[in-house]
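Just so it is clear, the model here is predicted, and its values are computed rather than measured. To find a chain, count down the sequence lines: A is the first, B the second, and so on, and within it residues start at 1.
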Amino acid sequence: MIELVSASRCIQCNLCVNVCPTNVFDAVPDAPPTIARQSDCQTCFMCELYCPVDALYVAPDTELQTSVNEAELAEAGLLGSYRKNIGWGKKQTSSAKTDQTFQVLKQMK
Amino acid sequence: MLKTLVNNFALNLQADVLVIGGGPAGTWAAWSAMSGGARVVLVDKGYCGTSGCAAASGNGVWYVPPEAEARENAMASRESLGGFLANRSWMKRVLDQTFTNVNLLADWGYPFPTDDQGKPYRRSLQGPEYMRLMRRQIQRAGVKILDHSPALELLVDEEGKVAGATGINRQTSEKWRVISGATIIATGGCAFLSKALGCNILTGDGYLMAAEAGAEMSGMEFSNAYGISPAFSSVTKTLFYNWATFTYEDGTPIPGAGSQRGRSVIAETLLQQPVYAILDQASEEMRSSMRLAQPNFFLPFDRARIDPFTQRFRITLRLEGTVRGTGGIRIIDETCAASVPGLYAAGDAATRELICGGFTGGGSHNAAWAISSGYWAGNSAAEYALNLGQQANQLRVRGVGEAALQPKAENASSPNINEFIQAVQTEVFPYNRNYFRTEKGLSDSLSRLDNLWQIIRDTQIEDSQLIRAREAAAMVATARWMYNSALERKETRGMHKHQDYPQQDANQQHYLISGGLDQVWVKTQPFSNTNKSLLTTGAAA
Ligand SMILES: Cc1cc2nc3c(=O)[nH]c(=O)nc-3n(C[C@H](O)[C@H](O)[C@H](O)COP(=O)(O)OP(=O)(O)OC[C@H]3O[C@@H](n4cnc5c(N)ncnc54)[C@H](O)[C@@H]3O)c2cc1C
Ligand code: SF4
Ligand code: SF4
């Protein structure tokens, strides 16, 4: 579930409010969005992918809340790691380009 | 009457074609209707581009070059798995259309990879990339998109033809209405809020809306798809479990357990004790290919600090219902029309029996079906609407939504919607009710589901709860078509496993059509493998 909107990183673009399919966030005037309906989060990671400044963190656990520490997440390279894997963002190449499904399917039993 | 209604809607639009749902099926439908010269409005419950299961996951596509042998193999390979209910002429059409449209994606700039021989490889679509492109493409074409705007009910005109929908913007709470010449339901399947990847937006709303307008379902017994995921996570991607060893807690392998054909063994074991998996069958070389093929498969593992290749992790089976089942709105001909005039269905919202019979599970048929049925529905809806001409703009319309919208009686106390939803989940989640079905289990569940239906149907819901309540109503309705159809199919075929009738019965190689709200009914429709008879079975059913 979504666990973090980093106040220090967020540029208040409200993209996450727009793109979250289950409407988890609320926009707040002159402030980062709030996680308003956390239990509706379906752990799809889409908000993280669209956040331009890696200010969001979706913990892998779908049912339980996890307490997170922003500094540790940043240290471990987990802020924006999905965005990096998918190759979205400035000067990145979409990893769709390097999709190796063909290799995997070749080995299918 | 029209005048007074208008005032109640903050947004009141007219279109030739209204598309409900903005996943692959909906966006292809919108694009093709637009190409056919129609004015198109597309509404999505979430955000068109991220919502639905394709956006969050990624899709293998049934993309087969038009070479006779390859096509033959593609069609033959899944026929027995689907219990011989797939229709060859539909398969051929879908293979043709998918090939054309996926090539179009390349023209539009989808970054397809090249294979080890340097040839473009087009059998796999990364979800976020694909759906971001589709959104951009339909916006360019001029489709008007309303995000966060779930449809709540369909509108019909005086003759009962479907003529648009109304809904609500869940971020502004403003109500909208779109009056249209034709309407396409592309709302995806129903996974009962199980938190399977990308599926919580999929609650069967389209089935309910269609049924209220008089449409029928088909294949609802093929609705018990469960996806393997780590117990803690939402990621129900099963392909890589081909390289898994499934074990008990003590590390001994579970005999017969497997990702595709051995999934029953996993379900049976899970009823007794925890099940673990480890992807230890993947070679070193494969491991890096896997990461490059499906980055989001590894995301939860990396974050939970588990190396799935060397460390065992607990798994579960999450219900994906009709998302990876095959049942849905019955379509009556090659235009993807539903059995009510003016209404079309596409993607998971429509039955996929025509191309995969009683089984899809993982596999690339779903994506291909969404692309082609969306394309056809858009095309034919545009033609239908444009033929209505001026008439369409003067329609006198009324909403046909009942459950939670227009209660027949009024219950004194409103149910707690969350508890209500849990009550529905209790009937459809358990493996020993839905995965493994028995006459007794199904009947017991149905008596409780019928009761739940009465409650939600007769409850006056306050506006703030309306969207959830309609989802709840759609889930109960879906469960009732599922289980009534499952009771009727007294055999084991496709993904439908009936413990009392463990064999496939040659006399039941037919479709099961279902429908009804207060009174659910099920009837058989003969299976046919030729185009012509398919077109005429509408009357025979
Ligand atoms: C984890 C996972 C992996 C998968 N992998 C594959 C694969 O490899 N190959 C394959 O072929 N298939 C795969 N599938 C299935 C495939 O993703 C679907 O069949 C396909 O996405 C269906 O497209 P769709 O447009 O019909 O539905 P969806 O993509 O689910 O889109 C439905 C849309 O309707 C909207 N909606 C719902 N209710 C309403 C409402 N009331 N009003 C307005 N809008 C509404 C939703 O917000 C959503 O945008 C997978 C599914 C899952 C869950
Ligand atoms: S997308 Fe990122 S930067 Fe934009 S509002 Fe959300 S958290 Fe802030
Ligand atoms: S993970 Fe998905 S559901 Fe959860 S907040 Fe982000 S976008 Fe919304």
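At a 4.5 Å heavy-atom cutoff, the contact between B:N296 and chain A is made by backbone and side-chain atoms alike. Residue contact with chain B, scored on non-hydrogen atoms closer than 4.5 Å, involves the side chain of A:F45 exclusively. Contact of A:C20 with chain B is made through the backbone alone, with heavy-atom distances under 4.5 Å. Neither the backbone nor the side chain of B:D147 comes within contact range of chain A, judged by heavy atoms closer than 4.5 Å. Contact annotation for B:C48: neither backbone nor side-chain heavy atoms come within less than 4.5 Å of a heavy atom of chain A. Residue contact with chain A, scored on non-hydrogen atoms closer than 4.5 Å, involves the side chain of B:Y110 exclusively. Of the two parts of A:L78, the backbone and the side chain both hold a non-hydrogen atom closer than 4.5 Å to a non-hydrogen atom of chain B. If you measure heavy-atom distances from B:R122 to chain A, you find no contacts under 4.5 Å at all. There is no contact between A:T66 and chain B, counting heavy-atom distances below 4.5 Å.
Under 4.0 Å is where a charged nitrogen must lie from a carboxylate oxygen, and between A:D26 and A:R37 at least one such pair does. A salt bridge does not link A:E48 with A:K84: every distance from a Lys NZ or Arg NE/NH1/NH2 to an Asp or Glu carboxylate oxygen is 4.0 Å or more. Between B:D205 and B:R470 no salt bridge is recorded (no basic side-chain N to carboxylate O distance below 4.0 Å).
By number of non-hydrogen pairs under 4.5 angstrom with chain B, the leading residue of A:N85, A:I86, A:T93 is A:I86. Heavy-atom pairs under 4.5 Å with chain A peak, among B:R291, B:R123, B:R318, at B:R318. Your options are A:S94, A:A59, A:A76, and the one with the most heavy-atom pairs under 4.5 Å with chain B is A:S94. Put simply, of B:G198, B:G60, B:A55, B:P300, the one with the most heavy-atom pairs under 4.5 Å next to chain A is B:G198. Listed options B:C199, B:G52, B:P128 were ranked by heavy-atom pairs under 4.5 angstrom with chain A; first place goes to B:P128. Counting heavy-atom pairs closer than 4.5 Å to chain A, the top residue among B:D302, B:D44, B:T114, B:L299 is B:L299. Of all the listed residues (B:H148, B:Q294, B:M290), the one sharing the greatest number of non-hydrogen pairs under 4.5 Å with chain A is B:H148. Residue with the most contacts toward chain A among B:N200, B:L193, B:D116, B:I201: B:D116 (heavy-atom pairs, distance under 4.5 Å).
Aromatic pair B:Y121/B:Y63: centroids not less than 6.0 angstrom apart. B:Y241 has its ring centre less than 6.0 Å from the ring centre of B:F297. For an aromatic pair to be called close, the ring centres must be under 6.0 Å apart, and A:Y82 with A:W88 fails this. With ring centers used as reference points, B:F313 lies under 6.0 Å from B:F301.
For the pair B:R135 and B:Y130, the NZ or CZ position fails the cation-pi test of under 6.0 Å to the six-membered ring centre and within 45 degrees of the ring normal. A cation-pi geometry, defined here as NZ or CZ lying under 6.0 Å from the six-membered ring centre and within 45° of its normal, does not hold between B:R287 and B:W243.
Using modelled atom types, one finds no donor on one side chain facing an acceptor on the other under 3.5 Å when comparing A:Q103 with B:S289.
When every heavy atom of B:S234 is checked against every heavy atom of B:S229, the shortest pair comes out as C-CB, 4.4 Å.
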